Amino acid sequence: MTLDRLSPGSGLQAFPPPEKWDDWREYDPKEWPRRVEKRYMLVPTICFNCEAACGLLAYVDKDAMRVRKFEGNPLHPASRGRNCAKGPATINQIHDPERILYPLRRHGGRGEGRWRRVSWDEVLEEIGGRIRAAFREGRRNEVMYHVGRPGHERTMDRILKAWGIDGHNSHTNVCSSSARLGYALWSGYDRPSPDHANARFILLLSSHLEAGHYFNPHAQRIVEGKLAGAKLAVMDPRLSNTASVADYWLPTYPGSEAAVLLAMANVILQEGRADLAYLERWTNWRHFMADRHPGEALDFGAFVAELKDHYREFTPEMAEAESGVPREKIVAVARLIGAARGAFASHVWRGSASGNLGGWQVSRALQLLTVLTASVGTPGGTAPHGWNKYKPVFWEEPPGQKQWNELLFPREWPLSHYEMSFLLPHFLKEGRGKLDVYFTRVYNPVWTNPDGLTWMEVLKDEALVGLHAALTPIWSETAAFADYVLPMGLAGERHDIQSQETQDGRWVSFRQPVLRAARERMGQSFRFTYEANPGEVWEEDEFWIELSWRIDPDGALGIRRWFESPYRPGEKLTVSDYYRWIFENAVPGLPEAAAAQGLAPLDYMRRQGAFLVARDVHGLQEAPVAVPAGAVKDPVTGLVTAAGKGIGVEIDGRVVAGWPTPSRRLELFSPTLKQWGWPEEALPGYIRSHVHRSALDPAKGEMVLIPTFRLPTLVHTRTGNAKYLNEISHRNPVWVHTQDARRLGLRTGDLVRVTTEIGYFVNRAWVTEAIAPGVVACSHHMGRWRLREEEGSRWAAARVSLEPAQGGGWLMRQRDGVGPFASADPDSLRVWWSDGGVHQNLTFAVHPDPVSGMHCWHQKVVVSRARSEDHYGDVFVDPQRSMEVYREWLGKTRPGPGPGGLRRPLWLDRPLRPAEEMFKA
Ligand code: SF4
């Protein structure tokens, strides 16, 4: 007998050739040394354990019709067959004996832990009826969908617009909205897309190589760039694995990053290393000069002189004083960035931008370096994300909703980037509104967000939240406070389209339920995906289609029509219809590529799992624009408008696309910030963080806590039921510098109490020189907890009690750590680790940045030896104080409406953009 051979290549580059994916044979490693052959069907899908959307190949055992393992999909243009540890661990998640397999309805009080199994029909009938009543009674803003991990490119936008509600809420304001706002103000695009592979210099703020945004696809390309000679610098107070392989580690004091970046900009400007021709061509310097010198002739030379003057205060000495990074190193890195002209790749996510008050100015300052070196959208540079991310269109687009939901975009934050999601319970408590139907989807705010006790309080209050449906594959701290727990598919159990800006190119990938796809390849057919999935685990696409028909059974509400097939008018849309239409009509080049293999586009995607739409995407701002009759050109700025809207900019006698900003140029100077109440921040600047040294009292022993860093092996709470990953990583000690440890009398393993402004947590210390002095850090993935035995993952979560503490407040105390347990998986009796780490987010008050609305994660803390009454894992919170802190931060805002009586600038997008007239307050 001969087994199938791997395709050409060697070692980790070898994959089963696609022509053998229908019937791949290999020996079962568990049977070694016996040679037992296994026959598999290999079905591509997409990983769901972080946002990168790497390709996976499910190995479906053709005898048992069971998934045996997940490996990388070599045909995926971004991940190219490679995955991080979390990709293959998908197998743990789908075989987790504790996962939720059937829809559940609570009986008894909300949060009391009593559940009964119900049918999907019962679920649809109650929720559909309730939403229908709300719509008929004009209470559209009382229906809200709140997503943790998105995906489903544009699908939810289409659904919610079809429902006519302003009900999209996200997790982005605890994740990336500050960084996004900084980018959006520059170019209208809110994310960077670095071309690491072709860069000459790479600057990472935070640990992207090991755990950052688009982790695995970026990591591959950073390493490629390094192998080709690029230098790598990492700005991070923590010596992450990424920093440890960098050419330059810049351990900045938290919040000082913008000062260092602007000092680099100053060096580049003063030493004549900036690309002035690019600045003249593409920045809105004319607007700046007209604003500063009204009535005077516009002179680029004068602008450059003024720019140099403006940034002159950011000397390397000043940056060293702020950051603690030696001035020589700042200058050396600045010169290398200047020398990389045209090929400077960079990224900032979470870390500095999400930790600090004014974090949005960090990404603006970083983008200033990209602009000064003319590296915007060049080979080896940093492109706007929209150039490299594919977005589907549909056969029919519902119009923008005629609603504006103040629970999402309140007047205090007219420039907030994404919804003010983590303040939802605070707004509800203040009486700003209520919810009748609240969906949470792969979202665990009780655990993930700051001030989780306020979330618990509000979720328990049926007057504020009428019905809470948690769409989740597994139990979570939030699902415990739901009315319905609705099991939705994991990575290989549902349909979805994903695309991310991981590289110089644009791709689309297709997630599919692998057991359904395998059975369909064998000739079976299914009405719903839950018929092929484990238990009755469903998928969102089909759930939303069915729910929409229940909301509007006769079409009278005008909703049903959006959920009818584009191929069979009047009939219900199916998932095959939906993806078939997109792949046939909305992915350039795909129909031709499929035809070349004798396949329909949908079948091609079912077999390959991904498609490269474009490569070498550069210079799109120079694309010519057709100018319609009646268009008007501004003689000074070159801006070309039609029907009052900017369509391009004239440069050298040609009208080109430019950028989606009001000036169609890169807005170095932001008239938007000036007009909307922040004139002092109109240029990329440096805002002193809420944890700036001047805000700390050394006499009280105050330090800064970084609570945001990721481990490469875990993601937030989603990996809680992956046994392999929890075996690798199951504690999150507090990193303390040796100097601080000496001062505090601490050794590694000692219990410490970390006191925040609303409470404290008790953890163990890890004494190390891999953190800047005066700074402590604690990874945020761990410290999962369950109030009841059945409502949480025993691979990761400690059993806790939560009770009123003496003297006020609440004390959470671990009753049982992690340990062996009996289940259908024999490995559960082999759990050897006893720790699940320590939770910290409950002890954080909300810190909404007054401009971006981002929660500013870093904390001013006092670290001390634990007291005699303290136990490992204790968490104490004073919810009274948390509302006071919320109001203190509310006081920092500069509320709208803005110019023209608008709630928000028309040009700044929103995730679910309402009809234009709704922008008017
Ligand atoms: S980086 Fe890892 S977790 Fe993220 S999608 Fe890729 S394989 Fe999955």
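Note: hydrogens, waters and symmetry copies are ignored here, and every other heavy atom, side chains too, is used. Predicted model, so just to flag it, every value in this text is computed and none were measured. Just so you know, ligand 1 is whichever comes first in the structure, and atom 1 is the first atom listed for that ligand.
- Note: His76 and Trp507 meet the aromatic proximity criterion, with ring centroids under 6.0 Å apart.
- Residues meeting the side chain to side chain donor-acceptor pair (under 3.5 Å) test with Glu539, sequence neighbours left out: His495, Thr529.
- Taking the six-membered ring for Trp and the full ring otherwise, the centers of His208 and Trp349 sit at least 6.0 Å from each other.
- Partners of Arg99 by side chain to side chain donor-acceptor pair (under 3.5 Å), not counting sequence neighbours, listed by chain and number: Glu493.
- A side-chain donor from one of Glu501 and Tyr214 sits under 3.5 Å from a side-chain acceptor of the other.
- With waters left out, the protein N, O or S atoms under 2.8 Å from atom 8 (Fe) of ligand 1 add up to 1.
- The side-chain contact (heavy atoms from CB on, under 4.5 Å) check on Lys231 picks up Phe201, Asp247, with sequence neighbours excluded.
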